[in-house]
Chemist: 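This is the structure, below, for whatever I ask next.
Whatever order the structure lists ligands and atoms in, that order sets their numbers, starting from 1.
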Amino acid sequence: MVAQDAATILIVEDEVAQLETLRYNLEKEGFRVVTAEDGEEAVLVANEELPDLIVLDWMLPSVSGIDVCRRLKSAEPTADIPVIMLTARGEESDRVRGLETGADDYMVKPYGVGELIARIRARLRTTRPSAIGKTLAFEDISIDTEQHRVTRDDKPLKLGPTEYRLLTVFMERPKRVWSRDSLLDRVWGMDADVDLRTVDVHVGRLRKVLNSGGARDLIRTVRGAGYSLDSSD
Ligand code: CA
């Protein structure tokens, strides 16, 4: 059973036995798992799924894990996705090279699955706290992501499912400016046939509920760029 807000993890590994072991263990932990067995496929799946984290093997046929990492980190939609690199080598220079390409963390094979899961959780705690059942808070707004309950100034708010998703995205990264395109991908999914104006409509609805008690508007419209959750003027 995968929870509705389960974090999606992309595993990139060409050795099928290792891939399946990882898949089994991560699914058991409640993660949603997508996989790729080579570098080209990894880049495709990463762009299609926008996973919350990528576990990336260094040694892959044709396109290496390092090149995959470099490509993902230099392209807008995937640049912020944390990457944990798996490497069979242990030389310090290689580790440094791995981190220089933008990998956020690395583990040397053979690694313990328990430790890998702990590191995945540690990353998600800052990048996708809602996926691990945490409470999100910004100013006087808070979301209990386990109960799906939203309050402002301790008073419960009633949000539709789309507004709830939108608010979660905003709350996970306060002050980040989200383009309407990236909100569309995050909230409706990459394949959704939804007009950009729909994003404006739902941001408007969210705003209305959040400000219903006469509270200050915390959603900032950034001309030509998008929206952010921001308490500064
Ligand atoms: Ca490999």
Chemist: Restricting to N, O or S, what is the name of the atom of D14 that lies nearest the Ca ion (ligand 1)?
Modeler: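 Of all N, O or S atoms in D14, the Ca ion (ligand 1) lies closest to OD1.
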Chemist: What pairs of residues pass the salt bridge (charged side-chain N to carboxylate O under 4.0 Å, His left out) test when at least one of them lies in residues 196-212, not counting sequence neighbours?
Modeler: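 Checked against salt bridge (charged side-chain N to carboxylate O under 4.0 Å, His left out) - neighbours excluded - the pairs reaching residues 196-212 are R180-D200, R207-D217.
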Chemist: Regarding Q18, does it place an N, O or S atom less than 3.0 Å from the Ca ion (ligand 1)?
Modeler: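 Not a single backbone or side-chain N, O or S atom of Q18 is under 3.0 Å from the Ca ion (ligand 1).
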Chemist: Taking side-chain contact (heavy atoms from CB on, under 4.5 Å) as the test, write out the residues that go with E76, two or more places apart.
Modeler: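 Counting only residues at least two positions away or on another chain, E76 forms a side-chain contact (heavy atoms from CB on, under 4.5 Å) with R176.
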Chemist: Inspect the contact between R32 and D52 and indicate whether a charged nitrogen and a carboxylate oxygen are less than 4.0 angstrom apart.
Modeler: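 Salt bridge absent between D52 and R32.
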Chemist: Would one find more than 12 heavy atoms of other residues, nucleotides or ligands at under 6.0 Å from atom OH of Y24?
Modeler: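 Check fails, neighbour count at 12 or below.
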Chemist: Restricting to N, O or S atoms of D57, which is nearest to the Ca ion (ligand 1)?
Modeler: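 Result for D57 and the Ca ion (ligand 1): OD2.
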